[in-house]
Protein chains: 2
Amino acid sequence: MGQVRVDLTISLDGYGTTTDQTPEDPFGQDWNRLQAAYVATRTFRERVLGQTGKGTTGLDNDYAAAYFEGIGAEIMGAGKFGLHAHPGDPDWRGWWGSNPPFRCPVFVLTHESRPSLEMEGGTTFHFVQTSAEETLEHAREAAGDRDVRIGGGVRVVRSYLAAGLVDRLHVGIVPILLGRGENLWAELRELERGYKVTSEIAESGTIHVTFSR
Amino acid sequence: MGQVRVDLTISLDGYGTTTDQTPEDPFGQDWNRLQAAYVATRTFRERVLGQTGKGTTGLDNDYAAAYFEGIGAEIMGAGKFGLHAHPGDPDWRGWWGSNPPFRCPVFVLTHESRPSLEMEGGTTFHFVQTSAEETLEHAREAAGDRDVRIGGGVRVVRSYLAAGLVDRLHVGIVPILLGRGENLWAELRELERGYKVTSEIAESGTIHVTFSR
């Protein structure tokens, strides 16, 4: 059986979401600052933007590549899929275009009942009303021997961490202070118990911290 | 003129104080976990415990030694000196015995008016009712060409950081989650602006992050 994994980028003060989006700047400057090193990687350029032969190839890229390796299913919250921004819109198909980067079954935790969406490249979105634990069981079945990623958002990740269901947590900590948003570390006192924690610093300054069982 | 410096140990979730003290365990287990790598250093053993030839000599010790180098005066809050635990007690002389490790003038921010305390080894405690800025001016005068350290607690440090008065901030981030206490990063959005931020990992797992101008 595969592992349950989380990969997130957060600020030095623990925030994994940003709050300065506007209609004119839908990502926001904070998102740009938080994701700059990840967006610069060769893996992001290839896998998400469809560019070839561009981007950084150092430690940030190693983690970016590992993000996609060995994943057989993903679980994400309704917000990550975009259902908070597009409630009840049957034509909404996520933020990632016709060929999303997941390339595996994705279980979207939502109160909205919707038919599954089969996309190009192997991604199928399933919209589920099951509990975190039940959803994980279904994702494990779908993943077979491969790993299940808890993809976000931060609150979904935190609920799986708090329930002790995550085998491996990697955070890329960007040395900026956002001061507001969803804090990954909230209510996770002594999370480190039962994990080995290792860290290394990328050329970009990002601090990569991994909790592994 | 010297720099204004801060050196603190915090948890991965930003807490620089601990909350599990009891009469039977006055430091608490969290303090032990937070400070274990620092307490293990040769510098701490020599400078604070008076032991010679013991303790670690790696990166944690480099930072521990740098903590004491070039400091000409320190500013600390009343809590760090122990006035919250010993209010109005004229015989209270701090936690550090007759020969405190500071070996320089120490300005204690307090509403209590007390005569200055001259200790062995060069430490003199001055109890001041001046503002943060005025106290810094006095400390700079006392330090001459040397640096001024804002010694803590966390709230005192945060007030100097928020006022833009700190030239160099070093934090030793211990990869544990305390989940409660005083958070160093609270209300410091975009602190990194105007600083260069660098990081390195010690053998102990402590992540040393330095903000410098």
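All values reported here derive from a predicted model rather than from experimental measurement. First the proteins, then the strands, lettered A, B, ... as listed; each starts at 1.
When each of A:Y67, A:F68, A:Y38, A:Y63 is tested with A:F44 by the rule ring pair (Phe, Tyr, Trp, His ring centres under 6.0 Å), just one qualifies, namely A:Y38. A:T43 pairs in a side chain to side chain donor-acceptor pair (under 3.5 Å) with only one of the listed residues (A:D62, A:N61, A:D60, A:T57), which is A:N61.
Less than 6.0 angstrom separates the ring centroid of A:F127 from the ring centroid of A:F81.
Interface residue A:I176: backbone and side-chain heavy atoms are both found under 4.5 Å from chain B. Proximity to chain A (any heavy atom under 4.5 Å) is shown, for B:L178, by both the backbone and the side chain. Looking at B:D30, the atoms closer than 4.5 Å to chain A (heavy atoms on both sides) all sit in the side chain, from C-beta outward. If you measure heavy-atom distances from B:Y15 to chain A, you find no contacts under 4.5 Å at all. For B:L12, the parts sitting under 4.5 Å from any heavy atom of chain A are the backbone and the side chain alike.
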- Checking salt bridge (Lys or Arg N to Asp or Glu O under 4.0 Å) for the pair A:R180/B:E187: CA distance, chi angles, key distance, verdict? CA-CA 9 Å; A:R180 57 198 192 207; B:E187 307 293 328; over 6 Å; no
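The candidate from B:G14, B:G179, B:S199, B:P175 with the greatest count of non-hydrogen atom pairs under 4.5 Å with chain A is B:S199. When A:I201, A:V209, A:I173 are compared by the number of non-hydrogen pairs under 4.5 Å with chain B, A:I201 comes out ahead. Chain A forms the most heavy-atom pairs under 4.5 Å with one residue out of B:I207, B:L191, B:L177, and that residue is B:L177.
No hydrogens or angles considered: nothing links the side chains of B:D25 and B:Q21 as a donor-acceptor pair under 3.5 Å.
Salt-bridge check for B:R33 with A:E192: passed, with a basic side-chain N closer than 4.0 Å to an acidic carboxylate O.
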